[in-house]
Amino acid sequence: MPAPRTILLTGAAGGLGTLMRGLLPSYGYELRLLDMLPIEGEPDAITADLADTEALREAVRGVDAIVHLAGISLESTFDKILKANIEGTYNLYEAARAEGVRRIVFASSNHAVGYTPRPQGDDPLIPLDTPRRPDTFYGLSKCFGEDLAQLYADRHGTQTVSIRIGSCFPAPTTVRMLSVWMSPADCARLLHAALTADVTGHTVVYGSSANTRLWWDLAPARALGYEPQDDSEVFAAKLVAEQGELNPDDPAHANLGGAFCTEPPIWPY
Ligand code: NAI
Ligand code: 15L
């Protein structure tokens with residue numbers, strides 16, 4: 001399919017949204033921005049909550065595709081997650097369906113499978129079809145988002161890609177992140193692939209850089225045309241010297257979701 005041009009970027013005020021505002025235009029996209037918070041220096045950004053269905057209809061009208069980042073990005077109360085991530089994502093998909101927007105890229109998370117034991121030693125990479133094991137209400141909302149995407153693909157023909165993002169920040173800050181980190185530049189590459197690949201229906205992929213210490217299978221993302229260029233290993237010596245290697249006996253180090261799997265879930269870790 002021809003590359004979509006005008007993209008609605010939800011969650012544009014957030015960490016990832018800010019990084020992608022800087023990187024996606026170089027792929028030729030014109031961005032329409034939406035967030036519940038105003039964005040400094042972006043007077044045309046739409047300030048709206050995902051609960052505002054009228055505003056969402058207007059926001060999606062006429063765009064070629066949507067990158068959906070808005071929502072609560074850490075663990076919270078079930079009520080807050082329900083409003084922002086579950087109802088909010090439904091409102092967004094429904095607005096897109098009503099306005100005929102056919103392509104949506106959904107920011108899912110590794111926390112949809114967070115209780116999956118992490119590979120150790122020569123263990124194989126975690127495959128895409130590993131059972132869902134959300135580690136938090138947050139992770140549960142990402143499972144919902146993936147199933148919602150599947151429903152809209154099957155029932156309405158929405159072309160949609162759910163990216164189970166690892167940790168996308170300018171640099172990894174923990175030893176765990178050496179395995180799950182996605183550089184911002186690789187994130188933009190993967191979003192571009194997800195926006196332009198010949199996708200029918202719903203596709204789920206893991207999102208990370210080509211890390212030496214990778215935990216999951218990047219083949220589904222590569223099948224979209226994603227070619228990661230970065231490897232967190234360049235940060236390894238410093239982080240391991242400061243924090244030590246992951247300890248398999250530490251519950252915060254046992255699973256993909258790291259310290260989201262502890263009681264209570266901890267961040268940062
Ligand atoms: P963030 O918390 O920095 O940004 C989220 C943005 O969504 C904020 O600007 C917030 O104002 C907005 N938002 C929250 N609720 C909203 C609502 N009801 N209506 C409108 N806007 C709302 O999070 P970050 O790190 O930028 O993550 C973006 C997305 O990517 C999130 O969906 C997160 O779950 C997902 N993700 C991020 C990862 C990362 O490493 N940064 C890893 C895995 C998933
Ligand atoms: C996520 O889903 C969060 O949004 C992000 O803030 C990090 O916690 C990331 O996962 C991670 O697993 O490191």
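In listed order, ligands and their atoms are each counted from 1. Worth saying up front: this structure is predicted, and the values here are computed from it rather than measured. Residue indices begin at 1 and follow the sequence shown.
- At a heavy-atom distance under 4.0 Å, no atom of His111 approaches ligand 1.
- In the vicinity of Gly11, heavy-atom distances shorter than 4.0 Å reach the ligand 1 atoms 6 (C), 7 (O).
- At a 4.0 Å heavy-atom cut-off, ligand 1 does not touch Ala12 at all.
- Using a 4.0 Å cut-off to heavy atoms of Arg176, the atoms of ligand 2 that qualify are 11 (C), 12 (O), 13 (O).
- Electrostatic pairing of Lys142 and Glu146 does not count as a salt bridge here, judged by no charged N lying under 4.0 Å from a carboxylate O.
- Between the side chain of Asn85 and the main chain of Ile72, a donor-acceptor pair closer than 3.5 Å is present.
- Ion pairing between a basic and an acidic side chain is recognised when a charged N comes within 4.0 Å of a carboxylate O; Asp231 and Arg213 show no such pairing.
- At under 3.5 Å, not a single nitrogen or oxygen of Ala84, backbone or side chain, sits near a nitrogen or oxygen of ligand 1.
- Each of the following atoms of ligand 1 lies closer than 4.0 Å to a heavy atom of Gly166: 40 (O), 42 (C), 43 (C).
- Among Ser109, Gly71, Gly258, Ser73, the residue whose heavy atom sits closest to atom 3 (C) of ligand 2 is Ser73.
- Residue Gln159 holds its CD atom at 5.0 Å from CZ of Arg102, rounded to the nearest 0.5 Å.
- Proximity of Ala51 to ligand 1, defined as any heavy-atom pair under 4.0 Å, is not found for any part of the residue.
- Close N/O approach between Ala70 and ligand 1 is not found [any backbone or side-chain N/O within under 3.5 Å].
- Not one N or O on the side chain of Tyr138 forms a donor-acceptor pair closer than 3.5 Å with the backbone of Ile81.
- Of the N or O atoms in Cys168, one or more lie within a sub-3.5 Å distance of an N or O in ligand 1.
- The closest non-hydrogen atom to atom 15 (N) of ligand 1, taken over Glu87, Lys142, Met36, Arg164, comes from Met36.
- Only the side chain of Phe169 comes within 4.0 Å of ligand 2, counting heavy atoms alone; its backbone N, CA, C and O stay farther away.
- Near Phe169, the atoms of ligand 1 lying under 4.0 angstrom from a non-hydrogen atom of the residue are 40 (O), 41 (N).
- Set against the non-hydrogen atoms of Asn110, the atoms of ligand 2 under 4.0 Å away are 10 (O), 11 (C), 12 (O).
- Ion pairing between a basic and an acidic side chain is recognised when a charged N comes within 4.0 Å of a carboxylate O; Arg189 and Glu227 show no such pairing.
- For ligand 1, the atoms closer than 4.0 angstrom to any heavy atom of Leu69 are 28 (C), 29 (C), 31 (C), 32 (O).
- Ligand 1 has an N or O atom lying under 3.5 Å from an N or O atom of Asp35, backbone or side chain.
- Arg97 has a carboxylate O that lies under 4.0 Å from a charged side-chain N of Glu94, or vice versa, which qualifies the two as a salt bridge.
- Checked by atom type and distance alone, the side chain of Asp230 never pairs as donor or acceptor with a backbone atom of Ser183 at under 3.5 Å.
- Where the criterion is an N or O separation shorter than 3.5 Å, residue side chain and backbone included, Ser73 meets it with respect to ligand 1.
- For ligand 1, the atoms lying closer than 4.0 Å to a non-hydrogen atom of Ser167 are 40 (O).
- Between Asp49 and ligand 1, at least one pair of N/O atoms sits closer than 3.5 Å.
- Nearest to atom 9 (C) of ligand 2 by heavy atom, out of Gly114, Gly166, Cys168, is Gly166.
- Residue contacts with ligand 2 for Leu74 involve side-chain atoms from C-beta outward but no N, CA, C or O (heavy atoms, distance under 4.0 Å).
- The contact set between ligand 2 and Ser167, taken as ligand atoms under 4.0 Å from a residue heavy atom, comprises 9 (C), 11 (C), 12 (O), 13 (O).
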